Number of protein chains: 2
Amino acid sequence: MNPPNTHPFPDPTRKRLLQAALDVFAEKGFHDATVRDICARADVNAASVNYYFRSKEALYSEVLAAAFRETHERYPDTLACDSSLPPEVRLRQFIANFLARLLDETHLGRHGKLIAREIADPTAALDQVIESTMKPRCALLQGIIAELVGPGVSEADMHRLGLSIVGQCLMYRHSRSLIDRLCPEIIATPEEIEKTAEHIARFSMAALRHLSAGEAGP
Amino acid sequence: MNPPNTHPFPDPTRKRLLQAALDVFAEKGFHDATVRDICARADVNAASVNYYFRSKEALYSEVLAAAFRETHERYPDTLACDSSLPPEVRLRQFIANFLARLLDETHLGRHGKLIAREIADPTAALDQVIESTMKPRCALLQGIIAELVGPGVSEADMHRLGLSIVGQCLMYRHSRSLIDRLCPEIIATPEEIEKTAEHIARFSMAALRHLSAGEAGP
DNA sequence: AGATGATTGAAACAATTGTTTCAATCAAAA
DNA sequence: TTTTGATTGAAACAATTGTTTCAATCATCT
């Protein structure tokens with residue numbers, strides 16, 4: 001009646017399936033990925049997806065949740081969360097961490113690709129991820145920004161500030177195709193990625209610090 | 001042998017097909033869109049796609065090229081190109097224009113969606129579009145930035161500056177799913193979109209102006 | 001009117017998809 | 001060893017896909 005759950009632990013084929021599915025989904029997206037391809041890479045029978053997960057869609061949901069969990073474990077926002085540190089340091093950390101998460105190709109950069117796909121073309125699984133992962137991260141960033149710009153900023157403008165920072169980071173993932181074709185060198189090596197993170201941090205901090213000062217145009 | 005081209009002008013069914021294809025491709029993406037759906041919306045026979053265009057892929061290419069052409073016509077960068085204007089004004093114009101293009105829902109906002117899809121998940125058609133549309137626009141932005149920050153900035157950092165500005169704008173298209181769920185009000189009306197464009201311009205100008213000044217930390 | 005050739009319509013085709021089926025196999029308990 | 005139930009494997013299924021076919025229709029020119 002309920003074969004998969006009778007198992008004490010996720011067995012090797014189930015694990016291999018999840019790993020292969022992450023690869024294929026990240027590379028081709030949900031619809032372009034085929035169950036047969038996933039099973040072939042996992043070296044298991046084509047019926048296994050429907051045996052261990054009840055459908056391709058359920059497999060995708062689980063892969064997506066796992067991707068968020070793993071990137072969060074691998075790049076925890078511990079320093080950015082430390083409210084005893086000065087906000088400049090915390091923002092720098094937040095950005096560097098965010099960018100590293102997005103551009104990670106070592107562990108398995110599939111995570112970033114998968115998440116970018118989900119944002120660009122959401123499935124039903126997105127809402128759950130927003131609640132569990134994105135909202136907390138958003139609140140963290142808003143807190144840091146509030147420390148930097150002080151009070152007197154409307155809620156809408158606080159959101160815009162956050163999006164200006166996040167947007168700069170996401171650019172390197174969502175528009176990776178453009179960067180690869182226009183200026184691949186700026187994220188070619190870990191050192192260059194670090195420089196890029198530093199650039200975004202300095203750019204954003206300069207903006208946050210001098211925004212209220214230069215209200216009027218020249 | 002060559003029936004479609006014998007026609008003096010693109011006929012109504014061909015036009016309707018292009019229009020319907022833009023809608024469907026923008027809404028569902030290339031692969032999720034079906035030829036039958038496109039033909040149904042255009043109210044033509046299912047074989048018409050292969051009659052007027054030789055395949056679904058060729059139809060997509062033509063739709064994509066048309067989308068870029070039309071947005072360019074509708075939102076020309078005339079003011080941003082006018083090098084007699086001060087660079088602050090030109091940047092503000094560039095950003096407002098860029099954002100308006102991305103968020104246009106009136107004419108047929110399908111353009112923005114379609115282009116965002118193509119960037120996030122490129123097909124073979126992207127390279128041609130980069131050459132014809134993106135590189136010139138990039139050069140324009142680089143020129144404006146150069147005027148604002150002066151010489152002494154490496155080419156890599158010039159690219160990073162451009163991407164920081166473009167990234168802020170693209171955020172509102174690529175991550176529209178997040179904005180709709182987290183803070184839809186900031187682009188709910190044309191007035192709010194205008195405020196958002198103004199925010200990005202002020203944020204970026206403050207950063208560009210004070211970036212070199214604040215090299216060291218606090 | 002008649003002929004020509006482009007266009008349309010309905011059906012069929014071939015390939016691919018996610019899913020299901022069911023007998024064969026394996027591991028562990030009795 | 002026998003039995004039980006989970007797992008695997010190969011095949012088949014049903015639905016959907018882009019594409020092709022071909023006769024019917026339409027517009028245009030002689």
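Remember, predicted model here, so these are calculated numbers, not experimental data. Chain letters run A, B, ... following the sequence lines, proteins first and then strands; every chain starts at 1.
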Indicate every side-chain donor-acceptor pair of residues 132-143 of chain A with a distance under 3.5 Å to a residue at least two apart or in another chain.
unit_1: A/S132; atom_1: OG; unit_2: A/Q128; atom_2: O; d: 3.3
unit_1: A/S132; atom_1: OG; unit_2: A/V129; atom_2: O; d: 3.4
unit_1: A/K135; atom_1: NZ; unit_2: A/E131; atom_2: OE2; d: 3.0
unit_1: A/R137; atom_1: NH1; unit_2: A/D77; atom_2: OD2; d: 3.2

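Using a cutoff of 4.0 Å between basic side-chain nitrogens and carboxylate oxygens, A/R117 and A/E27 are not scored as salt-bridged. Remark: B/R90 does not engage B/D82 in a salt bridge, criterion side-chain N to carboxylate O under 4.0 Å.
For the pair A/K28 NZ and C/dT17 P, the interatomic distance rounds to 9 Å; values are reported in whole Å. Here the P atom of nucleotide D/dT8 and the CG atom of A/D43 are 11 Å apart, to the nearest Å. Counting to the nearest Å, the C1' atom of C/dT17 and the CD1 atom of A/I38 are 12 Å from each other. Look at CG on A/D37: it is 9 Å from P on C/dT17, rounded to the nearest Å.
A close approach under 4.0 Å does not occur between any side-chain nitrogen or oxygen of B/Y51 and OP1 or OP2 of C/dA6.
With pairs defined as Watson-Crick or G-U wobble and both atom distances under 3.5 Å, the stems of at least three pairs that touch DNA chain C come out as C:1-13 with D:18-30, C:18-30 with D:1-13.
Applying the side chain to side chain contact (heavy atoms under 4.5 Å, CB included) rule to B/A96 yields the partners B/A197; only residues at least two apart in sequence or on another chain are considered. For the ring-ring contact (aromatic ring centres under 6.0 Å, His included) test, residues two or more places apart in sequence or in another chain that qualify with A/F30 are A/F25, A/Y60. Here A/A66 pairs with A/R69, A/E70 under the side chain to side chain contact (heavy atoms under 4.5 Å, CB included) rule; sequence neighbours left out.
The closest side-chain heavy-atom distance from B/D104 to B/T71 is not below 4.5 Å.
Minimum interatomic distance between B/R173 and B/A116 (heavy atoms only, all atoms of both residues): CG-CB, 3.4 Å.
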| request: Indicate for each nucleotide in nucleotides 18-23 of chain D, in 5' to 3' sequence, whether protein heavy atoms under 4.0 Å reach the base (B), only the sugar-phosphate (S), or nothing (-). | output: BBBB--
